[in-house]
Amino acid sequence: MDLDKQYNSKEVETKWYSLWESKGYFRPQSDEKRGLRARDSSLGKVPHESLGTSPERRPYVIVIPPPNVTGILHMGHALNNSIQDILVRWNRMKGRDTLWVPGVDHAGIATQNVVEKKLAKEKKTRWDLGREKFLKEVWKWKEEHGSTITRQLRRLGASCDWSRERFTMDEGLSKAVREAFVTLYEKGLIYRGNYIINWCPRCETALSDEEAAHKDVQGGLYHIKYPCLPAGRLSSEVRGPYEKMGEDHIVVATTRPETMLGDTAVAVHPDDPRYKHLIGQKVILPLMEREIPVIADELVDPEFGTGIVKVTPAHDPNDFAIGHRHKLEQVNVMTPDGKINENGGAYKGMDRFEARKKILHDLEERGLFVRRDSHLHAVGHCYRCDTVIEPYLSKQWFVKMQPLAEKALKAHEQGKTVFYPDRWTKVYTNWLRNIRDWCISRQIWWGHQIPAWHCSQCQAAGLASRTSGLDKREIQTSPESRVPSNDGIIVAREKPGKCPRCSSKDLVQDPDVLDTWFSSWLWPFSTLGWPEKTDDVKKFYPTSDLITAPEIIFFWVARMIMAGLEFMGEVPFSRIYIHGTVRAATGLKMSKSLGNSIDPLEVIEEMGADALRYSMIMLSSQDVFLSREKFEVGRNFANKVWNACRFVLMQIADLKEASADPKQFERSALSLPSRWILSRLEEKSAGIERHLAQFGLAQAATELYHFVWDDFCDWYIELAKPMIQSEDPAVKLQTQKVLFFVCERILRLLHPFVPFITEEIWQKFKERAVDGKTWPESIMLAAWPHDGKKQFHDAAAQKAVGFLQDAVTGIRDLRVRFQIAPTDKLKAVVVCKEKGTQEVFKAFEREVKTLGRLAELQCVREFQKKGAMAANSFAAFDVFISLEGILDPEEEKKRLQKKIRETEQWIEQILKKVGNPSFAEKAPKEILEKEKEKLEDAKKLLVSYKTQLASF
RNA sequence: GGGCAGUUAGUUCAGUUGGUUAGAACGCUUCCUUGACAUGGAAGAGGUCAGAGGUUCGACUCCUCUACUGCCCACCA
């Protein structure tokens with residue numbers, strides 16, 4: 001019946017989570033076939049309030065950011081999912097139908113890398129296995145390891161509907177991907193083109209702009225001489241000019257010398273007076289000994305470097321653009337794995353960085369190397385493997401983003417998407433306004449293969465573009481327009497039987513797969529069954545809130561909104577809560593590679609999931625800086641709650657009428673402390689509700705923490721102790737009832753934050769209650785205990801308990817100050833003029849005596865000194881204790897004088913404020929009143945101090 | 001280069017639309033193994049609210065500038 005002395009978090013957590021899940025509590029209420037959470041059935045009916053006080057009738061739905069299948073739960077996830085779970089549990093308790101769809105994405109590149117690494121240990125590559133076998137390996141890996149993170153989410157207490165768990169490679173979601181791709185293609189929003197993209201030579205795949213992480217790198221800016229070619233002096237002496245070049249050269253500056261092998265021009269600014277005469281001339285590209293023209297382009301910044309740029313259209317996005325304008329040849333000098341190819345002459349086969357060294361060396365030998373400046377510049381790195389990205393010309397699939405972004409912007413203008421906190425709105429809209437096309441093809445195998453088929457017949461017939469092979473990303477010598485090209489390509493939802501043009505059956509599917517985000521951006525509706533017209537789609541789309549970290553706004557949030565608008569005609573969610581980033585105490589991002597990460601699972605093992613959750617939430621008002629000790633706050637709090645409830649259960653052992661019904665209380669029958677705690681409870685519930693409604697989880701958690709610890713444990717329970725000992729059985733009974741009532745409500749308020757411990761305790765409360773059989777089976781199905789009513793509000797009780805707290809604190813202060821042993825029972829005198837205050841102390845005699853450990857408490861109107869006494873003064877009263885033989889009068893005088901000085905200063909300050917004529921004129925009345933009250937209080941205090949001082 | 005945050009007690013942070021003598025947690029000092037809890041209780045010390053101006057009767061709060069820290073974005077070779 002009673003709680004164990006020690007809270008066993010591990011046991012409790014496993015017990016309740018499996019019960020909740022097996023009973024189907026995580027499923028939406030509307031899944032009626034399960035017969036669960038039926039409000040009106042005798043099982044689920046809550047006696048004290050009706051469930052469903054929420055005016056919101058739509059279901060509460062959130063989409064979990066799919067964690068990556070290769071990942072494990074890190075602190076960022078723990079925070080994110082704690083927040084989501086709190087919101088879901090809170091809304092569920094408010095009676096809303098709730099749905100939380102969990103799942104993971106297939107993390108194309110990351111997962112493939114993991115499996116390839118495994119193969120590498122057996123000295124095998126994916127090519128050795130071939131596509132089909134390799135994919136089998138990946139699936140096998142996924143079956144074995146892919147559920148780690150979802151298991152960990154359970155440990156955290158996440159109340160996801162696991163029966164609806166999804167994976168981006170599921171058949172249903174794959175179908176959604178194909179549908180989305182084909183639809184966009186048919187609308188002309190997907191095209192295939194030859195562009196400079198971010199290429200990872202290690203993963204050998206294209207990356208989107210978002211997947212290229214730019215980092216500042218201290219590199220070199222190399223100055224290199226390109227010999228000029230005077231007209232008429234050309235091919236005969238190719239090598240000759242180098243030696244006697246004299247002034248006949250120009251100097252270009254570059255950070256990537258190895259790309260010079262692919263230079264097809266040199267550019268200057270058209271208005272640069274230094275170089276105007278060169279435009280139209282030719283220079284020799286050293287090492288390759290090619291003749292290349294000097295052209296003029298606005299893009300060149302005359303201020304940077306030498307003002308002359310080498311143009312490599314196949315290896316730099318700017319140069320690509322310049323090359324496009326000037327119809328330059330594009331010479332690709334690199335292989336997909338970052339080596340120099342056959343276009344690189346003597347450097348063929350060298351690694352790009354090795355080639356750089358060799359080229360610089362060779363240039364130096366020929367006297368063409370001028371100098372190296374140290375240069376800090378941003379270099380793209382693969383976000384998965386951190387390899388330096390190579391801007392690379394290749395044929396890829398793209399999504400035309402502008403039309404999609406415009407819809408999203410319009411929706412935002414109509415107020416359909418709101419960011420919390422508001423400042424992220426600008427980040428979001430700026431990105432949308434400057435959006436660039438999205439490269440969605442990846443040259444890997446793990447993922448959704450692009451639903452496009454190439455007809456060999458058509459391509460052979462020359463109808464096709466210059467694509468000759470599928471796997472070779474060969475050089476394209478002329479830029480293509482961004483118009484979708486149908487040549488030899490058939491895009492379809494399923495594999496076509498034959499080519500619609502030539503009826504050939506020789507069709508080969510495009511080997512590329514889609515960017516993982518191309519499936520993730522459909523998540524809010526693909527997980528509900530789209531493109532099928534399922535009941536779930538109808539009922540749960542659009543969803544309610546999206547909770548995520550800032551780094552994912554572009555990757556995911558913006559794209560989901562665009563997809564929602566495009567495919568569903570409606571934004572996928574209207575509120576977007578961006579929470580802080582979890583960092584190590586040093587301020588760095590937590591990451592395993594830095595060795596500064598804290599494993600949430602370890603924290604759960606050590607302190608419990610509730611402790612982890614509560615600590616994180618309390619810290620989450622902005623970026624969360626973590627260290628192990630920070631979790632002690634939550635652990636200590638959980639322990640406090642446990643023990644307070646244990647105490648309550650012990651105190652009500654003989655209580656027969658324990659109930660959660662608020663109607664059982666008649667104010668006139670209640671003691672002041674009981675009236676006070678009920679009033680506070682109501683007040684705090686409202687505050688917590690207010691905070692939760694606008695994602696103020698940290699404030700809500702902090703407010704609850706202090707209410708439970710300070711108000712309930714430190715004061716109410718302490719006040720209740722003497723009341724329970726009361727000889728008046730009515731007082732005792734009433735106190736027991738209030739203890740039970742308030743504590744049960746606290747459990748419900750706490751439940752969204754600390755689900756496990758509250759369930760464990762609440763079940764004991766349910767056993768104890770007379771009407772326990774009519775309570776719901778689980779606290780997670782109980783009603784949220786705030787209904788907006790103000791039935792317990794009690795200003796008088798709050799004021800009275802305020803006096804009591806002051807008096808007790810005042811006495812305790814005196815005890816400590818004069819080092820009086822706790823066992824010494826003192827005599828104390830309260831001096832107060834107002835009758836109301838006197839009555840309060842008369843009513844509180846027993847309580848003050850207990851809490852202040854007094855033998856005797858007197859309450860008088862006028863102060864009469866009897867021997868050595870010391871006092872603490874408050875505006876409404878003074879409290880004295882006798883200190884025969886302990887008090888040092890001189891010390892006490894000094895202290896009083898100091899107090900008097902302080903109080904005088906305070907009064908002066910107020911007078912200055914109130915005395916200002918403009919203040920009286922302009923300040924609001926309430927403020928004026930407040931200031932006057934303050935002044936009164938200060939004056940009373942001053943009188944007290946002076947009276948005391950005079951008595952010495 | 002552009003943008004956005006932050007700067008409050010020894011440390012980590014609160015501080016709601018300007019209006020209590022600026023708060024909490026941890027740490028620190030003193031005391032307490034009083035039958036819910038030492039993962040506890042009581043009391044206390046500790047702050048020119050980054051700096052400089054401005055608006056105002058009144059600024060931690062609003063505005064401007066400066067300094068430092070952090071984050072995001074950006075094609076300057």
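Per chain, numbering begins at 1; letters A, B, ... match sequence-line order.
OP1 or OP2 of B/A42 has not a single side-chain nitrogen or oxygen of A/R853 nearer than 4.0 Å. The shortest distance between the side-chain N/O atoms of A/N636 and the OP1/OP2 oxygens of B/G40 is below 4.0 Å. One finds a side-chain N or O of A/K426 lying less than 4.0 angstrom from the OP1 or OP2 phosphate oxygen of B/C4. Phosphate proximity of B/A14 to A/S621: present, with a side-chain N or O under 4.0 Å from OP1 or OP2.
Considering only the side chain of A/Q6, B/U39 comes nearest among B/G41, B/U39, B/A43. The side chain of A/A378 has B/A74 as its nearest neighbour among B/U21, B/C37, B/A74. Checking B/A24, B/A36, B/A42 against every side-chain atom of A/V816, the shortest atom distance belongs to B/A42. Residue A/N639 has its side chain nearest to B/C37 when only B/A77, B/C37, B/A42 are considered. In the set B/U39, B/C37, B/G15, the nucleotide with an atom closest to the side chain of A/Q699 is B/G15. Residue A/K934 has its side chain nearest to B/U20 when only B/C76, B/U20, B/G40 are considered. Of the candidate nucleotides B/G19, B/C73, B/A43, B/A43 has the atom nearest to the side chain of A/T809.
With both ends at atom C1', the span from B/U7 to B/C75 equals 34 Å, rounded to whole Å. B/G19 and B/C13 have their C1' atoms separated by 24 Å, with the value rounded to a whole Å. Between the C1' atoms of B/A14 and B/A25, the separation comes to 10 Å (whole Å). Here the separation of B/U39 from B/C26, taken at their C1' atoms, is 14 Å to the nearest Å. Of the C1' atoms belonging to B/G40 and B/U33, the separation is 10 Å, rounded to the nearest Å. Look at the P atom in both B/A43 and B/G54: the space between them is 44 Å, to the nearest Å.
In this structure, A/D813 reaches the sugar-phosphate backbone alone: every heavy-atom distance under 4.0 Å involves primed, P, OP1 or OP2 atoms, never a base. Counting any heavy atom pair closer than 4.0 Å across all strands shown, A/E718 reaches a base atom. Here A/C645 lies out of heavy-atom contact (under 4.0 Å) with every strand. Note on A/F637: nothing from the nucleic acid sits closer than 4.0 angstrom, heavy atoms only. Within 4.0 Å (heavy atoms only), A/I717 reaches at least one base atom of the nucleic acid.
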Residues 901-910 of chain A, side-chain donor-acceptor partners within the protein, below 3.5 Å, at least two apart:
| unit_1 | atom_1 | unit_2 | atom_2 | d |
| --- | --- | --- | --- | --- |
| A/T903 | OG1 | A/K899 | O | 2.7 |

